[in-house]
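The structure under discussion appears below in the form of structure tokens.
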Amino acid sequence: MEPPPPESEEELRLRARRLAGWTLSDLAGHLGERVPLDLRRAKGWAGEALERALGATSGSQPEPDFPHLGIELKSIPVGHDGLPRESTYVSTVPLIGHAGLRWEGSLVRRKLCRVLFIPVEGARDIPVPLRRIGSPLLWSPIPEEEAVLSRDFEELMEMVCLGEVERISAHYGTYLQIRPKAANARARTAGVGTDGRAIETLPRGFYLRATFTAGLLRRHFLLP
DNA sequence: GCGTGATCATGA
DNA sequence: TCATGATCACGC
């Protein structure tokens, strides 16, 4: 049910390809689990179930899901048109001690360097157990995409380091954006305020815009 | 609280 | 209608 980590990229591709066409009910049965009938209290279930089925070294470590292969796994909820319904979480935003952090040395780059996207039907009118898993896409950013991602990252991190975290909204960034990533709006973590003073602020995460991932899927599949 | 997996719910 | 800001669960 839960295989060891795949030994090669090819093995991972084959495992993912085998899941295409399965429903979430099939996936749960394969893993010996129950499918949640409502995702409101199980938002990460599909993504975590795919990790288990593919042999990702689970856990919440800040590194790609398949560290030995340098591959990050992302399930992506798609509508009836096959296009993403949601943005994609990438990683936590380092809010302190990262002045001068460049794209090249970032966790965001390490994770986005190679990503296995697995589309999953996400239309709300399809009961969760009946939602189907799609064909996987092993993606790496083309130079033009990486250039934009790199610029977004460095511009956003510059704001963070200059003490402008509180001024950052999800409107900033072309492909990459910063949004809250916390249990609730009262959560607090250490950050830098104006004048470089320490502040307590809402934890944030980097996300890929849905319009960006839509572009990826369009490039590789026949989509509107 | 942190970092992971994300989707929900509502205001624009 | 859709993206933003808010929220849910889990292991540690």
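Each chain gets a letter, A, B and so on, in the order its sequence line appears, and its residues count up from 1.
- A/Ala46 comes within 4.0 angstrom of no nucleic acid atom, judged by non-hydrogen atoms across all strands.
- The base of B/dA6 is paired with the side chain of A/Tyr207 by a donor and an acceptor separated by under 3.5 Å.
- Taking for each of A/Ala190 and A/Lys74 the nucleotide of DNA chain B with the nearest heavy atom, the 5'-most of the two is the partner of A/Ala190.
- Rounded to whole angstrom, the span from the CH2 atom of A/Trp45 across to the P atom of B/dT4 amounts to 22 Å.
- The number of heavy-atom neighbours closer than 6.0 Å to CZ of A/Arg15, taken from other residues, nucleotides and ligands shown, is above 12.
- The residue A/Arg41 sits close only to the backbone: its heavy atoms come under 4.0 Å of sugar-phosphate atoms, none of a base.
- The A/Glu51 side chain lies nearest to B/dG5 when the options are B/dG5, C/dT7, B/dT4.
- Distance from the side chain of A/Lys43 is smallest to B/dT7 among B/dT4, B/dT7, C/dT4.
- For A/Glu48 and C/dC10, a side-chain-to-base donor-acceptor distance below 3.5 Å is absent, hydrogens and geometry of angles not being considered.
- Distances shorter than 4.0 Å separate some side-chain N or O of A/Thr92 from OP1 or OP2 on B/dT4.
- Relative ring orientation between A/Phe153 and A/Phe206 is described as tilted, the plane-to-plane angle lying within the 30° to 60° band.
- One can place CZ of A/Arg179 at 15 Å from C1' of B/dG11, the figure rounded to the nearest angstrom.
- Distance CZ (A/Arg40) to P (C/dC10): 16 Å, rounded to an integer number of Å.
- Shortest non-hydrogen contact noted between A/Pro77 and A/Gly122 is CB-CA, 4.3 Å.
- Among the atoms of the strands shown, base atoms are found under 4.0 Å from some heavy atom of A/Arg124.
- Of the possible donor and acceptor atoms, one in the side chain of A/Asn184 sits under 3.5 Å from a partner among the backbone N and O of A/Ala187.
- A salt bridge is defined here as a Lys NZ or Arg NE, NH1 or NH2 lying under 4.0 Å from an Asp or Glu carboxylate O, and A/Glu48 with A/Lys43 fails to meet this definition.
- One interatomic measurement links the two molecules: CG of A/Leu208 to P of B/dT7, which rounds to 14 Å at whole-angstrom precision.
- Protein atom CG of A/Leu37 is 19 Å distant from nucleotide atom P of C/dC8, rounded to whole Å.
- With distances taken from any side-chain atom of A/Ser169 to the nucleotides C/dG5, B/dC2, C/dC8, the minimum falls on C/dG5.
- Contact between A/Leu216 and A/His220 at its shortest, heavy atoms only, is O-CD2, 3.1 Å.
- Across the protein-nucleic acid pair, A/Leu39 atom CG and B/dA9 atom P stand 11 Å apart, rounded to whole Å.
- Distance from the side chain of A/Pro62 is smallest to B/dT4 among B/dA6, C/dT7, B/dT4.
- Closest-nucleotide positions on DNA chain C for A/Gln177 and A/Ala182 were compared, and the one nearer the 5' end corresponds to A/Gln177.
- Both A/Ser87 and A/Asn184 lie close to DNA chain C; mapped to their nearest nucleotides by heavy-atom distance, the more 5′-ward contact belongs to A/Ser87.
- Going from atom CG of A/Asp81 over to atom C1' of C/dT1 covers 13 Å, rounded to whole Å.
- The base of B/dG5 lies close enough to the side chain of A/Lys181 for a donor and an acceptor atom to sit less than 3.5 Å apart.
- When heavy atoms are screened at a 4.0 angstrom cut-off, A/Arg209 is found touching the sugar-phosphate backbone but no base atom.
- Within the 4.0 angstrom heavy-atom criterion, no nucleotide atom of any strand lies near A/Glu200.
- In this structure, A/Leu107 reaches the sugar-phosphate backbone alone: every heavy-atom distance under 4.0 Å involves primed, P, OP1 or OP2 atoms, never a base.
- To the nearest angstrom, P of B/dA6 lies 18 Å from CG of A/Asp38.
- A/Gly47 comes within 4.0 angstrom of the backbone, heavy atoms only, and of no base.
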